[in-house]
Novice: 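Have a look at this one.
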Amino acid sequence: MKPVFTIISALLLAVIATVNSCSPSDRAALLAFRAALHEPYLGIFDSWTGTDCCHNWYGVSCDSESHRVADINLRGESEDPIFERAHRTGYMTGFISPEICKLTRLSSITIADWKGITGEIPKCISTLSFLRILDLVGNKISGEIPYDIGKLNRLTVLNIADNQISGRIPASLTSLSSLMHLDLRNNKISGPIPRRIGRLGMLSRALLSGNQISGPIPGSISRIYRLADLDLSMNKISGSIPASLGKMAVLATLNLDCNKISGTIPPTLLTSSIGNLNLSRNGLAGKIPDVFGPRSYFTVIDLSYNKLSGSIPRTLTAAFYIGHLDVSYNHLCGRIPAGAPFDHLEASSFSHNHCLCGKPLRAC
């Protein structure tokens, strides 16, 4: 009776192991994905052996109920012991194989900071209807953002910063109704910001700096109620600043520096919730609005390298807090007001204007 019981037990364990392991199709897709990559230093793929890709395969997680692969989390910069033992950050070459799209239950793809991964974002990525996170920051990925990326209606994070992505921001991106974090920084993206970007109602961070984006700032951005951080710096954006940006409820950081923006500074920007404002290195003209008061709180106001004229607003002395103010390289004139915040600012904050005088510059 004992041998029979042993055989039955072994069979039951085999069945349980089979049920709890990943599907053969997912395993095959992972191995095909791995075959397109080369990681020479850390051996992160050494654990990708055996039939069960749901357990002990580095960077792979499966759904506990379906046992389908749900997450790929491969970071080239991490505090994981595998990096500490090697005393180095990661480096990986190769490309992201379209075979990854056969992992149809993927919720998260993080292939970040490997520095050497090239090729394009697989166009089929837009078929992964369960995808919530796509993080490919810090590689050498080129090509364009998939034109139909807007199909990913569950996507909350899109981070492709620090790559070599080119082309335009696809219009379909404005259909990502769940998107909360958009980071396209430091690529080669050109063309305008989609006019209907205001449809991204859940967006809290829009980081688009360091590209070749042109055209005006769409007024629809101001409809994004949750937007707290907007960075459009170091592009080729032109036109004027929409006054409606200063009426956004939670916008705290607005970086528009190093563009081709013209017109005047909307007074609303200086009476808003914005606490970090950088408008430097543009073509802004006219006077600095004299609208500061006891509720004005700025960690940074940088208006340097513009064409601003007139005097420095006296109401700045009534502001609750101004941490750093820079109005250098403009056409300002007149006496610098006395008292805070001017008593802790250096001369470089006022240099290269037409005829400013008073501390910390020369006496009037």
Novice: Have Arg68 and Thr104 got a donor and an acceptor in their side chains that come within less than 3.5 Å?
Specialist: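 Indeed, the side chains of Arg68 and Thr104 share at least one donor-acceptor pair under 3.5 Å.
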
Novice: Return yes if some donor-acceptor pair links the side-chain N/O of Asn282 with the main-chain N/O of Asn259 below 3.5 Å, else return no.
Specialist: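 A pair under 3.5 Å: yes.
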
Novice: Hey, is Arg75 close enough to Asp135 for a salt bridge, meaning N to O under 4.0 Å?
Specialist: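 Result for this pair is yes, salt bridge flagged.
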
Novice: Should the SG of Cys22 and the SG of Cys54 be checked, would they turn out to be under 2.5 Å apart?
Specialist: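 No; the two sulfurs sit 2.5 Å or more apart.
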
Novice: Would you indicate whether the side-chain heavy atoms of Val300 and Asn278 approach each other to under 4.5 Å?
Specialist: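 Not in contact.
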
Novice: Over 60° means perpendicular and under 30° means parallel, so classify the ring planes of Phe83 and Trp114, tilted if in between.
Specialist: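 Trp114 and Phe83: tilted rings.
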
Novice: Between Lys115 and Glu77, does at least one N-O distance fall below 4.0 Å, as a salt bridge requires?
Specialist: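 Yes, this pair counts.
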
Novice: Is the side chain of Asp326 donor-acceptor paired with the backbone N or O of Ser328 at a distance under 3.5 Å, no angle test?
Specialist: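 Indeed, once roles are kept as given, a pair shorter than 3.5 Å links the two residues.
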
Novice: Does the pair Cys53/Cys62 show an SG-SG distance of less than 2.5 angstrom?
Specialist: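 No.
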
Novice: Is a side-chain donor or acceptor of Asn306 paired with a backbone partner of Asn330 at a separation under 3.5 angstrom?
Specialist: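 Not a single qualifying donor-acceptor pair exists.
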
Novice: In terms of relative ring orientation, are Tyr329 and His352 parallel, tilted or perpendicular, with 30° and 60° separating the classes?
Specialist: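 Because their plane-to-plane angle is under 30°, the rings of Tyr329 and His352 count as parallel.
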
Novice: Are side-chain N/O atoms of Asp162 and Asn186 paired as donor and acceptor at under 3.5 Å?
Specialist: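 Yes, because at least one side-chain N or O of Asp162 sits under 3.5 Å from a partner of the opposite role on Asn186.
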
Novice: Looking only at side chains, do Asp290 and Thr315 share a donor and an acceptor under 3.5 Å apart?
Specialist: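 Yes, because at least one side-chain N or O of Asp290 sits under 3.5 Å from a partner of the opposite role on Thr315.
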
